[in-house]
Amino acid sequence: MLKFSRVTVPTLREKPVDCEVVGHELMLRAGLMRPVSSGIYMMLPLGLSALLKVENIVREEMNKTGAIELELPSLHPSESWQASGRWFEYGPEMMRLTDRHGRDFCLGPTAEELITHYVGKAAPSYRDLPVNLYQIKTKFRDEPRPRFGLLRAREFRMKDAYSFHRGTEELDETYERMYQAYLEIARRCSLEVKVVEASTGLIGGDVSHEFMVLSDAGEDTVSLCEKCGYGANAELERHRPTLRFGGEEEEEIEEVHTPGLTSIDDVSEFMGVPARMVLKCVLYVVGGDALAVFIPGYREVSTKKLAAVLKTDSFHPMREDEFPFFPSLTPGFVGPVGLRDTKVIFDEEVVGARNIICGANKEDYHLKGVEEKRDFRAEPAMNVASSVEGDECPSCDGALTISRGIEIGHIFKLGLKYSKPLGVEFTDRDGSLMPVVMGTYGMGTTRILQTVVEQHHDDRGIRWPKAVAPIPVELIVLNSENNEQIETAENLSRELEKKEIEVLIDDRSLSPGIKFNDADLVGLPIQVVIGNKISRGMLDLKLRYTSIKRDVEIRNAGGAVENALKEAR
RNA sequence: CGGGGUGUGGCGCAGUUAGGUUAGCGCGCGUGCUUUGGGAGCACGAGGUCGGCGGUUCGAAUCCGCCCACCCCGACCA
């Protein structure tokens, strides 16, 4: 039995400034957490309670897959990180510190190195494998830009699992089990997820999937096909070039004076044509050389795709102060016709385009009526542009939709990425030493927590799904000076606790309106109002999610709450 | 890191343009009385290095310089 007056639930009447997404706002207003520093929060009692509910669901589903929980330290010695090379690759995102002896440590951002090192030391035989180890623990990443509360924090909690196998088939089985477990966790947390193909990037591995909750608060962009279920992170989706780029007719090439018009919008407006007629040029610097990337005007360059094509991520958009180093370029007016001394990449969709507008490689001039093959050759042509709404699905004839998503989980088939450099081998049946095949599986529990709030609220506050509600029932004592009301609440509370239903009693001596509003804001699934109707032996019961209200008799109240809870989503 | 913005009691803000009594307001907090079914009333009260440091000035929340923190937009991630 928790008393509102005793538990720290500092609700806020007004919306705090500095929060852009509603989940973040409600986490603060409902008194679940408080900011400490940028991307660092303290969890208050009710917030912690909800987090533990989430983490228990995760724990139960992990255990069902046969994964085994352990706990690794937060302080990682640098050695294994240096062995994998990530001590340097991770860069400033890693929180580093030095002990009194001058030894280097980091605060663990993830734990592949540590766990792999440990498993390797155990010198496993084929009899010990496969094994899947996980922990649920605070992680530290010095994010370049923390934001949106728990959606991107610098200190956050994550379940991280690491599986070790004798071969890829065995890895595939575990991967599939984890995939299914992630779906089940999301379902139990009342989160609808879309699973999308994701980039393993330069981190390595062959296959990875992200578990996305579609939400405008999300920071990722995903392309989805409703028809066949294809989904991919926009950073690597494989939309088919639709050849909507350019016009139909064959035209004569012609130079047009376009003073100061350097953006696609400017040019298309000036020429009176849509952006799909204009070729966009984005300039990069790669290893000291200029690179011109040509894409249809209505698309953007996908940095991730470009990195994959270039096989490096050490490039950046050309800065103004770098222009003088590349005199053959006329920024704002760069086009593929007659361009010299510059590396180029074309988006696949440019192939076969006719009657397009592009820069003339001459200050204040564009060319119109340009045609690929006739006037220039789009080579090499790669998939380097992001998809747009309506692009053709790569695996069926459906159309792609573009949505924002919150990534709550990400699973990887790592293969030999860590076991090889760290020298982790097992002794096979025939006595030979074989490299261990690995998988890694992350899931952000604090991120899930805020995502639940984001997905389940109305204009009055949070509507907790019962599985993750910090507490299932709130008893609102309208007049806490009234002993009869207090007693009724305490009796009911004891009865519910016998049924193992936890209760929060609002016993504060505040006016009823405040308590009603706070109850809706905090959003526990069942509200029971104890007011002067008790003189008639009656209470009010309300389901927060649906706002369904009903009168119940005090003597049946325990059962009524129990039933309402079954009924609640 | 690049660009933009904000820092004034716990929360939300005014005051800064044009330097000048004792830095205000609403909410919240404390005490007392009244009140108790959707953010009550009256009275009294507590709470501030005006983000920090330095400068200009007879005088700085206000002007100048440097620094810090936080938030927003971009490149990264559970």
Side-chain angles (χ1 to χ4, degrees), chain A residues 10-21 24 28-29 34-40 58 89-93 109-110 136-161 182 198-199 201-203 210-213 218-220 233 235 284 300-304 306-307 313 315-317 319-321 406-412 440-451 460 476-482 485 508-521 527 529-534 538-540 542 549:
Chain A
T11 56
L12 300 174
R13 181 176 299 192
E14 294 177 76
K15 176 188 173 189
V17 289
D18 300 340
C19 48
E20 294 300 303
V21 299
H24 183 201
L28 297 173
R29 284 223 293 139
R34 282 291 178 266
V36 172
S37 179
S38 178
I40 303 176
V58 172
E89 275 176 34
Y90 235 98
E93 200 161 312
T110 175
I136 302 173
K137 184 139 177 121
T138 303
K139 303 295 188 300
F140 301 85
R141 292 183 192 172
D142 198 356
E143 291 285 345
R145 186 144 108 77
R147 63 177 144 184
F148 300 155
L150 297 181
L151 290 191
R152 181 190 301 210
R154 294 196 294 169
E155 176 173 339
F156 60 97
R157 287 179 61 83
M158 177 172 88
K159 185 279 302 175
D160 45 323
Y182 273 39
S199 165
L202 303 157
I203 305 293
E210 288 170 334
F211 292 72
M212 294 284 191
V213 175
E219 298 187 89
D220 288 274
N233 194 307
E235 68 197 19
Y284 288 87
E300 302 296 332
V301 173
S302 160
T303 308
K304 277 287 178 55
L306 189 57
D313 61 353
F315 59 86
H316 61 267
R319 295 186 309 264
E320 249 175 72
D321 61 294
I406 302 170
E407 180 190 347
I408 60 163
H410 196 166
I411 61 178
F412 282 85
T440 181
Y441 318 89
M443 185 166 241
T445 56
T446 40
R447 186 179 272 181
I448 286 176
L449 177 64
Q450 188 175 312
T451 304
R460 304 194 52 76
I476 304 168
V477 178
L478 284 189
N479 183 353
S480 48
E481 313 293 305
N482 180 317
Q485 291 185 16
R508 298 173 299 173
S509 49
L510 295 169
S511 65
I514 294 176
K515 298 190 199 180
F516 285 128
N517 284 312
D518 271 354
D520 287 346
L521 175 60
Q527 297 172 7
V529 182
I530 297 163
N532 49 29
K533 287 184 196 170
I534 60 170
M538 300 298 286
L539 301 171
D540 294 336
K542 176 175 142 183
K549 292 180 190 169

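A note on names: the letters A, B, ... follow the listed sequences, proteins ahead of strands, and every chain is numbered from 1.
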Exercise for the section: In whole angstrom, give me the gap between the P atoms of B:G54 and B:G59. Expected result: 16 Å
Exercise for the section: Taking atom C1' in both B:G28 and B:G65, compute the distance separating them and give it to the nearest angstrom. Expected result: 38 Å
Practice task
State whether A:Arg13 places a side-chain N or O below 4.0 Å from either non-bridging phosphate oxygen (OP1 or OP2) of B:C11.
Solution key: no
Problem - Side-chain touch A:Arg145/A:Glu219, heavy atoms, less than 4.5 angstrom - result: no
Problem - Side-chain N or O of A:Arg147 closer than 4.0 Å to phosphate OP1/OP2 of B:C71 - result: no
Exercise for the section: Ignoring backbone atoms, test whether A:Lys549 places a side-chain nitrogen or oxygen under 4.0 Å from the OP1 or OP2 oxygen of B:G38. Expected result: no
Handout entry: Closest nucleotide among B:C70, B:G74, B:A78 to the A:Arg154 side chain
Key = B:C70
Practice task
Using a cut-off of strictly less than 4.0 Å, decide whether A:Ser511 has a side-chain nitrogen or oxygen near OP1 or OP2 of B:G38.
Solution key: no
Practice task
Could you give the distance separating B:U17 and B:C76 at their C1' atoms, to the nearest angstrom?
Solution key: 41 Å
Handout entry: For B:C63, the Watson-Crick or wobble counterpart (both distances under 3.5 Å)
Key = B:G55
Exercise for the section: On RNA chain B, check which nucleotide each of A:Gln527 and A:Pro16 is closest to and give me the residue with the more 5' one. Expected result: A:Pro16
Handout entry: Rounded distance (Å) that lies between atom P of B:G38 and atom CZ of A:Phe516
Key = 7 Å
Handout entry: Counter-base of B:C1, judged by Watson-Crick or G-U geometry with both distances under 3.5 Å
Key = B:G74
Handout entry: Whole-Å C1' distance, B:G9 and B:G45
Key = 14 Å
Exercise for the section: Check if the side chain of A:Asn479 and the base of B:G37 share a donor-acceptor pair of N or O atoms closer than 3.5 Å. Expected result: no
Exercise for the section: State whether A:Ser38 places a side-chain N or O below 4.0 Å from either non-bridging phosphate oxygen (OP1 or OP2) of B:A69. Expected result: no
Problem - Nearest-angstrom distance from the residue atom CZ of A:Phe148 to P of B:A78 - result: 18 Å
Exercise for the section: Could you tell me whether a side-chain N or O of A:Gln450 sits under 3.5 Å from a main-chain N or O of A:Phe148, the two making a donor and an acceptor? Expected result: yes
Practice task
Would you check if A:Ile534 and A:Gln485 make a side-chain contact, meaning some heavy-atom pair closer than 4.5 Å?
Solution key: yes
Fill in the blank from the handout: Side-chain atoms of A:Glu14 come closest, of B:C77, B:G37, B:G26, to B:G26
Handout entry: Euclidean distance for C1', B:U62 against B:A23 (whole angstrom)
Key = 12 Å
Exercise for the section: Please state the C1' separation for the pair B:C63 and B:C50 - nearest whole angstrom. Expected result: 16 Å
Problem - Pair assignment for B:A40, Watson-Crick or G-U wobble, requiring both distances under 3.5 Å - result: B:U34
Problem - B:A18 and B:U22, which share atom name C1', separated by this distance in whole Å - result: 23 Å
Exercise for the section: Please state how far atom CG in A:Asp520 lies from atom C1' in B:G39, giving the value in whole angstrom units. Expected result: 12 Å
Problem - From B:G38, B:A78, B:C76, nucleotide with atom closest to A:Arg152 side chain - result: B:C76
Practice task
Compare the minimum distances between each of B:A75, B:G37, B:A78 and the side chain of A:Phe156, then state the nucleotide with the smallest one.
Solution key: B:A78
Exercise for the section: Find the distance A:Gln450:CD to B:C77:P and express it as a whole number of Å. Expected result: 20 Å
Exercise for the section: Under 4.0 Å between any heavy atoms, over every strand shown, what does A:Ser480 touch: base, sugar-phosphate, or nothing? Just pick one. Expected result: nothing
Practice task
Could you tell me whether A:Gly409 contacts a base, only the sugar-phosphate backbone, or nothing, with contacts defined as non-hydrogen atoms closer than 4.0 Å?
Solution key: sugar-phosphate
Handout entry: Gap in Å between the two C1' atoms, one belonging to B:C13 and one to B:A61, rounded
Key = 15 Å
Handout entry: Nearest-neighbour nucleotide for the A:Met158 side chain, B:C70, B:G38, B:A78 considered
Key = B:A78
Problem - Pairwise 5' ranking along RNA chain B for A:Arg29 and A:Arg447, keeping only the more 5' one - result: A:Arg29
Problem - Whole angstrom value for the distance that separates C1' of B:G39 from NZ of A:Lys515 - result: 13 Å
Completion exercise
Testing B:C73, B:A78, B:G37 for proximity to the side chain of A:Arg141, the answer is B:A78
Exercise for the section: When you get a sec, tell me which of B:C76, B:C70, B:G37 is the closest nucleotide to the side chain of A:Thr303? Expected result: B:C76
